[in-house]
Structure formats: structure tokens, C-alpha cells
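Computed from heavy atoms alone, side chains included, the values below leave out hydrogens, waters and symmetry copies. Throughout, a chain's letter reflects where its sequence line sits, starting with A, and its residues are numbered from 1.
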There are 2 protein chains.
Amino acid sequence: MKSAKRAKLRAHGWAVGSAKEFLKLSNAEAALVELRLALSRSLRTWRTEHGLSQVELARQLKSSQSRVAKMEAGDPSVSVDLLVRSLFAVGAKPRDLARTIGQLEDRVAV
Amino acid sequence: MKSAKRAKLRAHGWAVGSAKEFLKLSNAEAALVELRLALSRSLRTWRTEHGLSQVELARQLKSSQSRVAKMEAGDPSVSVDLLVRSLFAVGAKPRDLARTIGQLEDRVAV
DNA sequence: TGCCTATATGTCGGATATGACATATACTGC
DNA sequence: GCAGTATATGTCATATCCGACATATAGGCA
């Protein structure tokens, strides 16, 4: 939506866009979940390909085996922050992240 | 490093890889900071291009003007999580994130 | 079977992030 | 100068996350 059009709608407040906004928010949530899962898979793939156990990886990350397990399981108690930090910590480059994220489908209904 | 080689080194514990690990960790931190900044810029760009004020964006995100300001400033109190969630919430697609992240330089010295 | 290793799950105290509010700064047009 | 608007900064109570620990489950092997 262009700014001119939006400027006209703005005065009407949330009532105008509520349904659309609702969809956007739930889509956003779905996208976040998928992102978390994609990063989870990346981390597990990296670990197994390097022949490490969760305990060993945890030591590298200065974390614990249980948290590594939760990271790899996409547990909701794990933030995208932690996943990204972990991937960087094991040597992943921004490019690698970009590739992983870019492979997610674009499900956003606008 | 391949898993066979690593397996040999494993027994020696942290002493072997400490310097390398240190570099990796600080690189990881730097990468995270850059990522935060890149996402910050994306968010501000999106907002200004849509002719919204921080207050209006905050309402969309169910957040506050001050937090939006901090997001856009790359404030350390703002997590990557929140930035990503916000971008998704305004309709960004995984592809858009991927493009933003991919543009970061790969500074990791391995 | 019992033992060992790897992974998963539940919980908890302390740490960090969040929204909200107050306030400050900056830039308009009057 | 002074309103009005937009953005920045500081603080705080609450919410959420994190590492750690305990414990459970699963598979291999003697």
C-alpha cells in the first residue's frame, strides 16, 4: 500500500485494517515459527556433520546439553536470538543464514 | 575441520582450540551486532517508505514509540527476535530477510 | 540383564528483554 | 517566542529466556 492511500485510511484507526492486520500478525507468527525450525535444522545439521555430541557443542557455546537439545527441537523457550548466536558461534556466516532463511516459503497473504 | 581430525583433538579439551575459539566467539558477537543493525535499517526503511510515524508503527506492532525508536537505533536492549518479529509483522517475507542478511559482509576469520 | 553414551523433557533461580511512561531534544509553522 | 509533531533517551515492573540440574528415554554392547 502506498503512503498516499494509507494517509487517507489512517484517520479511520484500527477498524479499517483489522482483519488484514489480524492475518498479518498470525502470518508473522507462523513465519517466526518456521524460521526457528529452519535454524534448528541448520544447527543440528552442522553438529552432526562435525561429529559432535550435544554435550560437546554445548561446551563450545558455553551452554548446556539440555539447551542444545531444546534448540534443535525448536522448543518455544528458545529464541531466534540464541539460535543465530549459536550458528555464528560455530562459524556460520551471514551468507549461510541468508541461504537457510531464503529457502523458507513465502506464505504471507497480503 | 573434519570429524576424524576433530575426534583426535577432542580429548585435549579446550586448551587446543582456545585461541581459535576466542576469535570465533568475538566474530560471532560482531556478526550479531551487524545483523541487528541491518535489521534496524530495514525496519526504518520500511516505515519511512510507508509514511508512518514511530507511534503508528508502534500501534501496529502492539508496542510503544520508545521501543520502536530503540529498535531503529539498534539499541542493545533490543533482541534480534523482536526485530525479526516486527519485520514479519509489517509484511516482510523470509526472502526479504534473506536479502538483508546476505548483504552483510562475511568477516569471519577461520 | 546391567552399563554406558546420547538425547529428550521438566523445573527453577537468576538474567535479560519488553512495553509503558516520563522526559528530553529537534524541527516545523505561526 | 511558543504550540504541535516526531524522535530519542532513561527508568521500571513484569514477562520471557537462559543455563543448570535432575531425570527420563533410547540404543548399543558385553
Expected string for nucleotides 23-30 of chain C under the B/S/- scheme (protein heavy atoms, under 4.0 Å, primed atoms plus P, OP1, OP2 as sugar-phosphate) is --------
Taken to the nearest whole Å, CG/A/Asp81 to P/C/dA15 is 19 Å
Separation of D/dC18 atom P from A/Lys62 atom NZ, nearest Å, is 17 Å
Taken to the nearest whole Å, CD/A/Gln54 to P/D/dG27 is 15 Å
Is the phosphate of D/dC17 approached by A/Arg85 (side-chain N or O, under 4.0 Å from OP1 or OP2)?
no
To the nearest angstrom, the CD-C1' distance between A/Glu56 and C/dT5 comes to 11 Å
A/Leu52 CG to C/dA6 C1', in whole Å, measures 13 Å
Separation of D/dC17 atom C1' from B/Leu82 atom CG, nearest Å, is 14 Å
To the nearest 0.5 Å, atom CG of B/Leu83 lies from atom OG1 of B/Thr100 at 11.0 Å
OG of A/Ser86 to NZ of A/Lys62, rounded to nearest 0.5 Å, is 13.0 Å
Within residues 66-80 of chain B, those residues having any heavy atom closer than 4.0 Å to DNA chain D are B/Ser66, B/Ala69, B/Lys70
Rounded to the nearest 0.5 angstrom, the CZ-CZ distance for B/Arg41 and B/Arg36 is 12.5 Å
Base, sugar-phosphate, or nothing for A/Ser64, non-hydrogen atoms under 4.0 angstrom? base
- Just by distance, with hydrogens left out, do A/Ser53 and A/Glu56 show a side-chain donor and acceptor under 3.5 Å apart? yes
Output for pair (A/Ser42 OG, A/Leu97 CG), nearest 0.5 Å, gives 7.5 Å
Discussion item. Could you tell me if the side chain of A/Leu87 sits less than 4.5 Å from the side chain of A/Asp96, heavy atoms only?
Written reply: no
To the nearest 0.5 Å, atom CG of A/Leu104 lies from atom NZ of B/Lys93 at 13.5 Å
Whole-Å distance, B/His50 NE2 to D/dA6 P, equals 18 Å
Rounded to the nearest 0.5 angstrom, the OG-CG distance for A/Ser79 and B/Leu82 is 11.5 Å
note: A/Arg36, atom CZ; D/dC17, atom C1'; distance rounded to Å ~ 11 Å
Closest non-hydrogen contact found for B/Ser64 with B/Ala58 is C-CB, 3.4 Å
